[in-house]
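A short write-up of the structure that comes next.
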Amino acid sequence: MRKRKKLGLVILKDFVFDADDNEWEDGSIYDAARGKTYSAYMWSEDGTMSLKGYVLGMPFLGSTSEWTLVQK
């Protein structure tokens, strides 16, 4: 999968919104550089989207990234 073109590649999939926790959960993220897929969940607060990817069943060993919308 690492040899596929990056343009148009689906990297986030299968997220379901949980209104009680105000987050998207049960999804996955594909890391094209490593060629691996990780479990993930996302949440949004103060205009920033945070995403945590982790090895199945161990979110405490994961990594979080923050995405901010940029106005043009």
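Throughout, numbering of the chain's residues begins at 1 and tracks the sequence.
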Indicate every side-chain donor-acceptor pair of residues 17-25 with a distance under 3.5 Å to a residue at least two apart or in another chain.
from, atom 1, to, atom 2, distance (Å)
Asp18, OD1, Asp20, N, 3.0

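- Residues that satisfy the ring pair (Phe, Tyr, Trp, His ring centres under 6.0 Å) test with Tyr41, not counting sequence neighbours, are Trp43.
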Handout entry: Intermediate values then yes/no, side-chain contact (heavy atoms from CB on, under 4.5 Å), Asp26 and Phe15
Key = CA-CA 5 Å; Asp26 299 329; Phe15 286 91; over 6 Å; no
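- Other members of the cluster containing Leu69 do not exist, because no ILVMFWY side chain is joined to it at under 4.5 Å.
- Residue Val16 is not grouped with residue Val10 when hydrophobic side chains (ILVMFWY) are merged at heavy-atom distances under 4.5 angstrom, including chains of intermediate members.
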Donor-acceptor contacts under 3.5 Å from residues 46-67 side chains, at least two apart:
from, atom 1, to, atom 2, distance (Å)
Lys52, NZ, Pro59, O, 2.9
Ser65, OG, Trp67, NE1, 3.3

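- Within the model, atoms CD1 of Ile29 and CG of Leu12 stand 5.0 Å from one another, a figure rounded to the nearest 0.5 Å.
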